[in-house]
4 protein chains.
Amino acid sequence: MGAAVIGFGYWGPNLARNISGSNVLRLDYICDLSAKNRSMAASQYQGTKVTGSLEEILSDSSVGAIFIATPPSTHFSLALKSLDAGKHVLVEKPLANSSKECRILIEKAENRGCTLMVDHTFAYTGAVRKMKALAASSLGVLQYYDSVRINLGLFQRDVNVLWDLAVHDLAILDNITSLKPVAISATGHAHVEGYPANSAYLTLFYEESFIAHIHCSWMAPVKIRRTLLGGSEKMVVYDDLEPTEKIKVYDKGISLNPSSKEKYDLRVDYRTADILSPKVDGREALASMIEEFANAIRTNSKPLTDAMSGMRIVAILESADISLSKRGAPIDIPII
Amino acid sequence: MGAAVIGFGYWGPNLARNISGSNVLRLDYICDLSAKNRSMAASQYQGTKVTGSLEEILSDSSVGAIFIATPPSTHFSLALKSLDAGKHVLVEKPLANSSKECRILIEKAENRGCTLMVDHTFAYTGAVRKMKALAASSLGVLQYYDSVRINLGLFQRDVNVLWDLAVHDLAILDNITSLKPVAISATGHAHVEGYPANSAYLTLFYEESFIAHIHCSWMAPVKIRRTLLGGSEKMVVYDDLEPTEKIKVYDKGISLNPSSKEKYDLRVDYRTADILSPKVDGREALASMIEEFANAIRTNSKPLTDAMSGMRIVAILESADISLSKRGAPIDIPII
Amino acid sequence: MGAAVIGFGYWGPNLARNISGSNVLRLDYICDLSAKNRSMAASQYQGTKVTGSLEEILSDSSVGAIFIATPPSTHFSLALKSLDAGKHVLVEKPLANSSKECRILIEKAENRGCTLMVDHTFAYTGAVRKMKALAASSLGVLQYYDSVRINLGLFQRDVNVLWDLAVHDLAILDNITSLKPVAISATGHAHVEGYPANSAYLTLFYEESFIAHIHCSWMAPVKIRRTLLGGSEKMVVYDDLEPTEKIKVYDKGISLNPSSKEKYDLRVDYRTADILSPKVDGREALASMIEEFANAIRTNSKPLTDAMSGMRIVAILESADISLSKRGAPIDIPII
Amino acid sequence: MGAAVIGFGYWGPNLARNISGSNVLRLDYICDLSAKNRSMAASQYQGTKVTGSLEEILSDSSVGAIFIATPPSTHFSLALKSLDAGKHVLVEKPLANSSKECRILIEKAENRGCTLMVDHTFAYTGAVRKMKALAASSLGVLQYYDSVRINLGLFQRDVNVLWDLAVHDLAILDNITSLKPVAISATGHAHVEGYPANSAYLTLFYEESFIAHIHCSWMAPVKIRRTLLGGSEKMVVYDDLEPTEKIKVYDKGISLNPSSKEKYDLRVDYRTADILSPKVDGREALASMIEEFANAIRTNSKPLTDAMSGMRIVAILESADISLSKRGAPIDIPII
């Protein structure tokens, strides 16, 4: 099936590389409004048509799949047009700028019988798949998720740090557990005149005894990507910057009535059991994501990161923005 | 001057060791209600009287300084009695269970002309003193403080994790900056029936463009003690578990209009300047703290961690508890 | 049984503390020639006689065990006197300055029916015991031992770095494997006029296909204590500075005919299997060592680190010194 | 000037990418005997002629520069042919299989007036250039170089681990200091029937008080690339796997007459001064290397890694192989 990549800026080239490397899709078109990006695309993909016109692509019946990697503000209109043209669509995260827009896209996809999917890349990484498997098998009752996703980043004007970084953790949470968040408290700060919040803290309250917290920032001197997932039986540490030990499983939960020996050990901070670092599949996540998309189209089935998951996450971000503007006042999250 | 240690459980022995090692105080008494603790004290400090009676100590005119290292719930009554007896008093953190109690102790100390001090040990560590010096000299306008203080800890019944762990960061903040917090949003969870919150997240909103966040937990599989202090000119990372590089100074703030080269570097996460890890004074903090106490008594001056700082921190913890019970609803912090 | 510690400088206090903490030995005497050290001992151990005279101790029939923690050059004469007096003797490493001296001590101990043991502390640590167990069970055929034991250390005049640091690895090797070294090549350098070698490299050639290498130095800016133990089935990394993950077991040996996938993984340095960090017994090694000594005396049995092991290690160090003076020329190691 | 890459296996593609990215050379040809590699090259470089015939390239007068990235055993003959044809030649390390071959190539290059250069890539990395600058400016008298270059690698049949890994450190040493090695002691082991040594230890003895040691292995469970460079004034740690702090400068050498405070600090392993991690140029080394080659051709000047340096390193490897076969017996290194 023929495919087209819309937007050849930062992320588009990664999509193009993986599409041309896949054996289920054919990279027919690359589309970008910038001449500079088009010439770069042309030099790298001789066999591929490079254009500035989406219409040209939508009118080509040999093209079945559209990959949208343009700025967030354009996701909605481009996806809507593509679905209207009867194309299957994959959209970069976030799916759209509001849950209202998401709903329109979802209905349109249903009406046209097209597959609509969002690129929550992390859901396809070996590390997150391993975490999900552990959560399902051996962690016991999930108790908390705590993630730090900070670095010295580019300050963006059009979107705050939640929509740029926290979205990844929301997608991971949506993927590894079926528990639903019911309320959110968000705090943060915009340190620079005329720029949106660059550092933020999110607490998600879930049904049952589960809680999640996400710290995201463009303003940290060090890069950290570290997630803790705590269960009643075992706990996981996921460090995405670790080259070889991304996932560590701690063979111990909390102990409420520790022996005096345990008490002493905890005081002097002894570890209390074995630690296992399971091998994690190193395959590139984007390749798996594209396979999932192609497979969902072929079998007309629901992909792992379907449009509904994209809408759930956008809805949470909307609630977060409200809480953020109210210094952490708790905001209910609509059930979707 | 003669000194007495009240409470010889977990922290008391550290006080006793440092008092007996100091050349300004004389360890006359150790007091504990538990016979087991008393016999341990007796075997270690032959020259020192060991008793179960506070009265015996308060009636001994050769004793000038009282160190209270008993459970928090007893701090108020024991400190009040000691001040009534005209003794100078150092109390373990927290100073008391409420700001109301703190105020009573402070007034009593003033009436009796006694020194009242709280043991915020971290204020006396080489690392925190270095951070304070950097904040005053080269960081520029302070923008944020972010601290993670988590480990697999003992679950306590009488006090939640805020009063056990966050209190340290509040003391560090009170010490390194004169900026005052105006409101707080706290979230967290008590995962175990009949136990208080074991994991909590605090956001402190300050006057001007400064924000602080503290993550404390007894439920993490790994021990982390890492603090970021961001300024407009430089940023500091303080890792208290680092044996030799506790403090790192990053010679770069954020860049709003990065060159395309910088943009690329930030994408691939290049560091953008030199990193300096200054040597930090390794002297034991408790020794300095005891010196400060003795010096404050001798010169009748205000110690670094005076009772007012203890009260400010208790007031913040009170506000935090309210916010915690309201899922992060922002609570004003009284000006003290 | 009564015990005496001879030498209260750097190591003696650790022995004294563990003896007084043990329930099988009674700390009757501490002996040191320095008045300063004696007064320090007196203040810490009120119940214990402190003296400058070894004779006084040897003539006290209630004393059964002598712990010698004096400078290496004095080990031989002090141990010999103590054995002559019919005392059981534990000597700090190295057992003596030459294998000839070791042999004399061993014969004397046999004649007097006394236990003679050397304090190879590492053999009693949880980490080394775990390595030994792994070597015996799951590593397969042992292939190599590689240890780095470096730091910015005190330059010593009386002994070179081999006798100060490499001795620990030789003791670990002697303990974890029954394979015998047959030849040695040692290189190194004395960078400072009038001081012995401060950095050295040892290669031990063993019977069968096993090889060991030790890098020890007083001249490194960083402290490293890292040992690799390679087997045909699994490999172990032992990092003694790791607070909680001292031992890691890599579930993979080498692959001679790797698949192209494996080849790629190796190129990009992917790890090839799970990693396990087993919990290691955190008990203080000296306590176990003292128990072993007391037990060997009581049951008149051979202790784990008996005098013969001490002699084997001294013999290796003698050969190493010769090779060191010949720029690595291989020297045969006598079979003992 | 036109350029050709001979050999499109593991390293050739990196050369091709950097040549096509340079603005001083034009990638005219890629040559490989394997049809599979040729088709891969063809798909990636449409504008470039792909051939299996070196002669075709050598007879094309528009080609001035030949890059040889074939197996070591072929370096000599291919380089000789290319020089005979009057081409400028860059050869992958090692320059050839013997110093005799190196000498023939050097003389041929002189006779033909061609530039002959060896690709010692590390000499062009920002980290090594920083180390060289530090060695020249602030380290004081160089005292030692110690490098660990180990990982779980592919076992090679045609060349032992010295020629595969140690060659990098020899090139770094040749580059950062003008001191000359006078003798070498090498030990190691071939653990697998029919394969050359897979683990080796090299000690290089230099004129004056400088010593170097290299540990290289294909058989370690962990990847380590860590080099210490010690001077009388300061010491450097270079960790090539560190993403952001490759170089650390320790502001302290050894102290011969430490104060008792220093002694204590060293005992408890305190660091003794500030640590600086200078920013290192992140530019790809191969790009600089190709620039250097083009510039040497244009200006007919001696490049940084000229053929003489390649010959010096091959001569050291020859001596190392002899010592390796004699269990570390010291072998003199010929002055070149």
Side-chain angles (χ1 to χ4, degrees), chain C residues 10 143-144 146 148 150-155 183-192 195 198-199 201 203 205 209-211 213 215 217-224 226 228 230 232 234-237 248-250 252-256 258 263 266-267 269 271-272 275 323 326-330, chain D residues 10 143-144 146 148 150-155 183-192 195 198-199 201 203 205 209-211 213 215 217-224 226 228 230 232 234-237 248 250 252-256 258 262-263 266-267 269 271-272 275 323 326-330:
Chain C
Y10 169 61
Q143 293 175 315
Y144 68 88
D146 176 85
V148 177
I150 62 178
N151 55 279
L152 202 60
L154 289 174
F155 272 52
I184 190 164
S185 167
T187 60
H189 204 79
H191 288 90
V192 185
Y195 284 80
N198 49 261
S199 304
Y201 302 92
T203 303
F205 303 94
S209 151
F210 182 67
I211 185 170
H213 187 272
H215 172 206
S217 172
W218 291 324
M219 231 172 127
V222 285
K223 183 176 189 178
I224 300 177
R226 202 202 53 244
L228 310 180
S232 56
K234 299 186 179 188
M235 299 180 184
V236 173
V237 175
K248 287 186 179 179
V249 185
Y250 291 76
K252 184 71 156 55
I254 55 164
S255 63
L256 283 182
K263 268 187 185 143
L266 287 167
R267 285 287 189 210
D269 223 54
R271 56 176 281 191
T272 45
I275 300 173
S323 179
K326 298 180 173 183
R327 287 190 155 176
Chain D
Y10 169 61
Q143 293 175 316
Y144 69 87
D146 176 84
V148 176
I150 63 178
N151 55 279
L152 202 60
L154 290 173
F155 273 51
I184 192 163
S185 167
T187 60
H189 204 77
H191 288 90
V192 185
Y195 285 81
N198 49 261
S199 304
Y201 301 93
T203 303
F205 302 95
S209 151
F210 181 68
I211 186 170
H213 187 272
H215 172 206
S217 173
W218 291 324
M219 228 171 130
V222 285
K223 182 176 189 177
I224 300 177
R226 203 202 50 245
L228 310 181
S232 56
K234 298 185 180 189
M235 299 180 184
V236 173
V237 175
K248 286 186 181 181
Y250 291 75
K252 185 70 157 57
I254 55 165
S255 61
L256 283 181
E262 275 183 305
K263 268 186 183 144
L266 286 167
R267 285 288 188 209
D269 224 53
R271 55 178 277 197
T272 45
I275 300 172
S323 180
K326 297 181 172 181
R327 287 190 157 177

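Taking CE of C:M219 as the start and CE of D:M235 as the end, the distance is 5.0 Å to the nearest 0.5 Å. Between atom NE2 of residue D:H213 and atom NE2 of residue C:H213 there is a gap of 3.5 Å, rounded to the nearest 0.5 Å. The distance from the CD1 atom of D:I224 to the CD1 atom of C:I224 is 8.5 Å, given to the nearest 0.5 Å. Once rounded to the nearest 0.5 Å, the distance linking CD1 of D:I211 with OG1 of C:T187 reads 5.5 Å. C:Y201 contributes atom OH, which lies 3.5 Å from atom CG of D:D146 (distance to the nearest 0.5 angstrom). Taking OG1 from C:T203 and NE2 from D:H189, the interatomic distance works out to 12.0 Å, rounded to the nearest 0.5 Å.
With sequence neighbours excluded, the residues satisfying salt bridge (charged side-chain N to carboxylate O under 4.0 Å, His left out) with D:K248 are B:E245, D:E245. Under the rule for a ring-ring contact (aromatic ring centres under 6.0 Å, His included), C:Y144 has no partner lying at least two apart in sequence or in another chain.
For chain C, no part of D:I184 is nearby; none of its heavy atoms comes within less than 4.5 Å.
Contact record, D:Y250 with C:P221: CG-CB, 3.5 Å, taken as the closest heavy-atom pair. Nearest heavy-atom pair across D:S209 and C:H191 is OG-CD2, 3.4 Å. Listed here is the closest heavy atom pair of D:S185 and C:R327: CB-O, 3.7 Å.
Per-residue heavy-atom pair counts under 4.5 Å with chain C were compared for D:A220, D:S323, D:G230, and the maximum is reached by D:A220. Most heavy-atom pairs under 4.5 Å with chain C, from the set D:S217, D:S199, D:G328: that is D:G328.
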